[in-house]
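To start, the structure under review is shown below, and the notes come after it.
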Amino acid sequence: MTPPERESLRRLLKRRPPGAPAHVELERVTKSYDGRNAVVRDLDLSVSRGEFLTLLGPSGSGKTTCLMMLAGFEAPSSGTIRVHGRDVNRVPPRRRGIGMVFQNYALFPHMTVGGNLSFPLEVRGLEPAVRRERVGRALELVRLEGFEYRRPSQLSGGQQQRVAIARALVFEPDLVLMDEPLGALDRRLREELQYEIRRIHSDLGVTVLYVTHDQNEAMVMSDRVAVFRAGRIEQVASPEALYEEPERSFVARFIGENNRLPGRVMAVRDEICEVDVAGRIVRAFRVVECAPGDRVTLSIRPERVALAPTPGLYTNEFEAQIEDITFLGDHLRLRVRVCGRSDFVVKIPNMVGHGAVIEGDRVRVGWIPTDCRVLDPDNEEDTA
């Protein structure tokens with residue numbers, strides 16, 4: 001292993017997740033609607049006070065059911081849900097003090113914006129003067145001052161969602177749940193509101209649990225992301241850690257683009273494995289427990305692969321043939337044939353002189369072991 005590779009491995013092994021007091025805890029929570037098939041399975045999750053945690057996963061993975069159980073709209077079949085250390089399994093939704101934002105806004109069409117915001121305060125018995133003050137503050141927070149007397153039908157989709165966010169915050173909860181709140185908006189509005197929600201979260205310091213199937217949205221907004229699959233959490237980590245350090249093949253495949261190389265372990269030396277991939281030995285960082293003879297999947301991001309590296313710079317260096325080149329503005333996407341794969345992707349910056357490579361060229365590619373992770377065998381069909 002070269003000196004830069006040893007330093008990269010040292011930094012990787014030193015990383016530790018920070019600790020923080022729990023605001024929300026789900027302990028061994030299971031939900032089944034028919035008593036046979038579990039939508040959420042034996043789930044454990046802890047959310048820190050003031051954290052922005054996103055539940056990310058494909059449709060049917062259990063993330064929205066998890067949020068509905070926390071809100072009190074669904075009851076867990078087994079397990080315990082705690083908020084502020086208190087068991088809320090039998091506490092009705094209206095008494096949990098949780099703000100909720102839905103994808104379809106759920107505004108009352110017959111009420112004005114002010115009326116929609118005032119309603120949850122009226123239900124809680126607040127005086128009219130207090131209600132007016134809080135409505136004004138909430139509208140200011142979402143930058144809709146002066147919209148108090150408009151009806152939802154007179155607002156754009158983005159403005160309606162801002163009102164829905166203001167209504168969830170107007171009674172000053174310290175926990176807010178958001179279920180696909182930007183799913184009905186176009187791309188420009190989604191991107192705009194992503195940063196608005198992050199700003200509001202930063203200003204107020206509330207705890208936010210956010211559900212989405214959009215990985216880019218999760219990466220932009222979250223302190224941590226919990227990746228769901230088939231009712232279980234595959235990994236919980238910061239966006240950077242999920243991208244750079246996936247612990248499961250599903251996570252590596254679901255978060256961003258990556259190259260997957262199936263192989264068999266030949267040797268394990270400390271944290272580095274030697275893996276036979278189509279007759280080539282690839283050295284990679286061991287994430288899962290494995291032993292010689294085990295089938296594994298290697299995962300490496302396209303931007304971590306060097307094209308035409310200085311000879312001897314990388315432990316992993318292989319001959320490759322360029323099959324296809326796609327121009328994507330700020331970078332080029334090269335599809336190459338290497339290690340028995342014809343769909344291996346290399347991303348290189350778009351710089352002057354990029355025309356030095358063309359389709360059909362034979363080149364060398366290389367990468368360091370710590371950028372190539374040894375994961376569980378990948379089953380691409382198991383994505384539910």
Side-chain angles (χ1 to χ4, degrees), residues 23-24 47 49-53 67-68 70-73 83-84 88 91-186 188-212 217 221:
H23 186 170
V24 175
V47 185
R49 189 180 305 277
E51 183 176 19
F52 195 118
L53 178 79
L67 205 71
M68 293 300 102
L70 181 54
F73 300 135
V83 178
H84 293 301
V88 296
V91 177
R94 67 181 183 278
R95 301 191 63 181
R96 296 193 183 192
I98 297 174
M100 189 80 194
V101 183
F102 300 94
Q103 179 178 344
N104 63 355
Y105 318 138
L107 301 176
F108 297 118
H110 62 287
M111 291 184 179
T112 63
V113 168
N116 270 277
L117 267 60
S118 184
F119 180 75
L121 303 175
E122 192 173 343
V123 169
R124 287 167 172 80
L126 274 69
E127 296 295 326
V130 177
R131 297 204 300 267
R132 285 193 295 271
E133 178 187 357
R134 291 200 181 181
V135 167
R137 287 207 306 264
L139 287 174
E140 183 179 354
L141 184 67
V142 297
R143 298 176 178 173
L144 285 178
E145 303 96 319
F147 285 70
E148 186 173 355
Y149 298 104
R150 296 194 190 184
R151 295 189 182 276
S153 61
Q154 298 172 309
L155 304 177
S156 68
Q159 289 170 337
Q160 289 184 58
Q161 194 56 283
R162 287 172 188 261
V163 174
I165 293 169
R167 185 180 59 185
L169 297 169
V170 72
F171 62 93
E172 301 179 355
D174 58 5
L175 174 60
V176 177
L177 311 181
M178 298 187 177
D179 185 20
E180 303 266 12
L182 309 183
L185 305 178
D186 62 40
R188 182 185 63 80
L189 278 175
R190 281 203 311 271
E191 292 177 351
E192 179 182 321
L193 279 178
Q194 284 171 13
Y195 290 101
E196 282 293 293
I197 292 171
R198 280 296 290 177
R199 176 187 62 80
I200 291 169
H201 170 258
S202 177
D203 289 347
L204 299 182
V206 296
T207 304
V208 176
L209 267 75
Y210 189 99
V211 164
T212 184
E217 196 167 284
M221 303 179 70

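Because only heavy atoms are used, hydrogens play no part in the values below, and waters and symmetry mates are left out as well, while side chains stay in. Every value quoted in this text rests on a predicted model; they were computed, and no experiment measured them.
In this structure, E196 pairs ionically with R199, as a charged nitrogen and a carboxylate oxygen lie closer than 4.0 Å. Electrostatic pairing of R137 and E172 counts as a salt bridge here, judged by a charged N lying under 4.0 Å from a carboxylate O. A salt bridge links R188 to E192: at least one charged side-chain nitrogen sits closer than 4.0 Å to a carboxylate oxygen.
A 6.0 Å sphere centred on CZ of F73 holds more than 12 heavy atoms belonging to other residues, nucleotides or ligands. The local environment of CD in E145 is crowded, with over 12 non-hydrogen atoms from other residues, nucleotides or ligands closer than 6.0 Å.
With R131 contributing its side chain and L126 its backbone, the two residues share a donor-acceptor pair below 3.5 Å. At least one donor-acceptor pair under 3.5 Å links the side chain of H201 to the backbone N or O of V206.
Side-chain contact between V24 and L175: present, with at least one pair of heavy atoms (C-beta onward) separated by less than 4.5 Å. With a 4.5 Å cut-off on side-chain heavy atoms, Q159 and V142 do not count as touching. In this structure, the side chains of E148 and T112 stay at 4.5 Å or more apart for every pair of heavy atoms. Using a 4.5 Å heavy-atom cutoff, the side chains of L209 and M178 are not in contact. A heavy-atom distance below 4.5 Å is not found between the side chains of R151 and V113. Proximity of D186 to L189: side-chain heavy atoms (C-beta onward) are separated by under 4.5 Å at one or more points. Under the 4.5 Å side-chain criterion, counting only non-hydrogen atoms from C-beta, H84 is in contact with R49. Inter-residue side-chain proximity for F102 and P181 is flagged as unmet; no heavy-atom pair is nearer than 4.5 Å.
Listed here is the closest heavy atom pair of P109 and P152: O-CD, 4.0 Å. Here the shortest heavy-atom pairing between P173 and V176 reads CG-CG2, 4.1 Å. Nearest heavy atoms, V91 versus R96: O-NE, 2.8 Å. Between Q103 and Q161 the shortest heavy-atom distance is O-NE2, 3.7 Å.
Ring geometry for F52 against Y210 counts as tilted: the plane angle lies between 30° and 60°, on a 0 to 90° scale.
Separation of atoms CD1 (I98) and CG (L177) is listed at 5.0 Å; rounding is to 0.5 Å. If you take CG on L144 and CG on L155, they are separated by 7.5 Å, rounding to the nearest 0.5 Å. Atom CG of residue N104 and atom CD of residue E180 lie 11.5 Å apart, to the nearest 0.5 angstrom. Note that OG of S153 and CG of L107 are 10.5 Å apart. Values are rounded to the nearest 0.5 Å. Annotation: the span from S118 atom OG to R134 atom CZ amounts to 11.0 Å, rounded to 0.5 Å. Interatomic distance, CG of L185 versus CD of Q160, reported as 9.5 Å (0.5 Å rounding).
Figure legend: R150 and F147 shown as a cation-pi pair, the cationic atom lying under 6.0 angstrom from the six-membered ring centre and within 45 degrees of its axis.
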Check the pair E217, T212 against side chain to side chain donor-acceptor pair (under 3.5 Å), reporting the backbone distance first and the verdict last.
CA-CA 8 Å; E217 196 167 284; T212 184; 3.2 Å; yes
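By the salt bridge (Lys or Arg N to Asp or Glu O under 4.0 Å) test, R124 is found to be paired with no residue, residues two or more places apart in sequence or in another chain being considered.
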